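The shown structure was predicted, so the numbers you read here are calculated from the model rather than taken from an experiment. The figures that follow rest on heavy atoms only: side chains count, while hydrogens, waters and symmetry mates do not.
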Amino acid sequence: NRSSDLYGYSTPLMTERLSLRPPQDADVDAVFKIHSDPLTYRHRPELTMKDRDEAVELTSAWQQDWRQHGIGYFVVLTYGGETIGFIGVRHAVEGDETVLNLYYRFASQAQGKGYATEAASAALEWARDRHPQLPIVAIIDPANTASARLAEKLGLRLVPGAGEAGDHEVYRLQG
């Protein structure tokens, strides 16, 4: 009995090179490994995870999103079974609007290979099918230029004046 069955979603999303599935308890170590790597937080190294308990809390929050909304962040695996990142959308409030917030974080060794674009495209299509009424946004630190480039590649555009100056900018999916 796969834990993803708990969320009413039992089939992983498959792309050309990747499998995306909801998080399981067994993913805590991968969550910690990727989120504690300073190379994945080049723009804000102080945000790296400091201990495994943070990964337990984050994984639990992600699982709660799936239980509560039937949608959330996916674990991204290669077909060889290696966890290389996390991607997906979750319900959030930006300004005074309910939105789906796009999130992505990939292991440093997986960056620059097109995995994030491939996984995000699948996750966005999946999310739009389930919640077409909700806008999709990405909340991006202005210093994280790689994240902004990916958002733009995915069709999100900077919303002038949205966000919090010096803290985050808001990119919104067009169309």
Side-chain angles (χ1 to χ4, degrees), residues 2-31 33-35 37 39-41 55 58-92 94 98-141 144-159 170-175:
R2 293 171 24 191
S3 71
S4 56
D5 291 339
L6 297 173
Y7 312 121
Y9 171 76
S10 60
T11 304
L13 290 180
M14 307 301 280
T15 70
E16 184 179 329
R17 303 177 291 166
L18 304 170
S19 174
L20 286 69
R21 63 160 173 74
Q24 303 170 356
D25 291 346
D27 294 316
V28 168
D29 289 333
V31 169
K33 180 179 179 184
I34 291 172
H35 288 84
D37 179 355
L39 294 177
T40 66
Y41 284 92
L58 186 59
T59 304
S60 177
W62 290 353
Q63 291 171 320
Q64 180 61 30
D65 285 335
W66 280 97
R67 282 190 294 273
Q68 190 172 1
H69 300 290
I71 195 168
Y73 299 156
F74 292 100
V75 176
V76 181
L77 302 105
T78 64
Y79 284 158
E82 178 187 7
T83 298
I84 60 168
F86 310 97
I87 203 155
V89 297
R90 67 185 291 205
H91 286 82
E94 178 57 35
T98 299
V99 299
L100 294 175
N101 180 50
L102 175 63
Y103 172 83
Y104 35 86
R105 174 102 31 224
F106 279 77
S108 55
Q109 72 273 13
Q111 294 175 10
K113 299 178 180 177
Y115 291 134
T117 303
E118 184 176 329
S121 296
L124 287 172
E125 180 180 340
W126 185 84
R128 290 199 65 124
D129 285 348
R130 276 143 191 82
H131 294 284
Q133 76 284 6
L134 293 176
I136 296 175
V137 302
I139 309 302
I140 300 176
D141 184 310
N144 193 345
T145 56
S147 184
R149 277 194 310 271
L150 176 57
E152 289 176 346
K153 185 186 263 189
L154 294 167
L156 288 90
R157 297 294 172 252
L158 178 64
V159 179
V170 177
Y171 288 72
R172 189 178 185 111
L173 188 62
Q174 304 301 302

Got a second to check how far Gln133's CD is from Thr98's OG1, nearest 0.5 Å?
-> 10.0 Å
If you round to the nearest 0.5 Å, how far is CG of Leu150 from OG1 of Thr145?
-> 11.5 Å
For the pair Gln63 and Asp25, evaluate side-chain contact (heavy atoms from CB on, under 4.5 Å) and give the outcome as yes or no after the intermediate values.
-> CA-CA 9 Å; Gln63 291 171 320; Asp25 291 346; 3.0 Å; yes
Under 4.5 Å between any side-chain heavy atoms of Lys33 and Thr83, yes or no?
-> no
Check: Arg157 side chain, Leu173 main-chain N or O, donor-acceptor pair, under 3.5 Å | no
Under a 4.5 Å cut-off applied to non-hydrogen side-chain atoms, are Leu134 and His91 in contact?
-> yes
With a 4.5 Å heavy-atom cut-off, do Ile139 and Tyr171 have their side chains touching?
-> no
When rounded to the nearest 0.5 angstrom, what is the spacing between CE in Met14 and CG in Leu77?
-> 9.5 Å
The ring pair (Phe, Tyr, Trp, His ring centres under 6.0 Å) partners of Tyr73 (sequence neighbours excluded) come to Trp62, Tyr103
Quick one: does Val137's side chain get under 4.5 Å of Leu102's, heavy atoms only?
-> no
Between Ile87 and Leu20, does a side-chain contact (heavy atoms from CB on, under 4.5 Å) hold up when you go through it step by step?
-> CA-CA 8 Å; Ile87 203 155; Leu20 286 69; 3.7 Å; yes
Would you check if the distance from the ring center of His131 to the ring center of His69 is below 6.0 Å?
-> no
Atom pair CD/NZ of Glu118 and Lys113 - distance to nearest 0.5 Å = 13.0 Å
Ile136 vs Arg128 side-chain heavy atoms within contact, under 4.5 Å = yes
So which pairs with a foot in residues 68-85 pass salt bridge (Lys or Arg N to Asp or Glu O under 4.0 Å), sequence neighbours left out?
-> none
Heavy-atom side-chain proximity of Asn101 to Glu94 below 4.5 angstrom = no
Side-chain donor/acceptor of Tyr104 to backbone N/O of Ser147, under 3.5 Å = yes
Can you tell me how far the CZ atom of Arg105 sits from the CD1 atom of Ile84, to the nearest 0.5 Å?
-> 14.5 Å
Between Ser19 and Tyr79: side-chain donor-acceptor atoms closer than 3.5 Å | no
Do the non-hydrogen side-chain atoms of Phe86 and Ile34 ever get within less than 4.5 Å of each other?
-> yes
How far does OG1 of Thr78 sit from CG of Leu18, to the nearest 0.5 angstrom?
-> 7.5 Å
Would you say the side-chain atoms of His35 pair up with the backbone N or O of Val31, donor to acceptor, closer than 3.5 Å?
-> yes
Beyond-backbone contact of Leu13 with Phe74, side-chain heavy atoms, under 4.5 angstrom | yes
Heavy-atom closest pair (Val75 atom, Pro23 atom, distance to 0.1 Å) is CG2-CA, 3.6 Å
Measure across Leu154 and Ala120 and return the closest heavy-atom pair with its distance rounded to 0.1 Å.
-> CD1-CB, 3.5 Å
Donor-acceptor under 3.5 Å (Asp27 side chain, Gln24 main chain) | yes
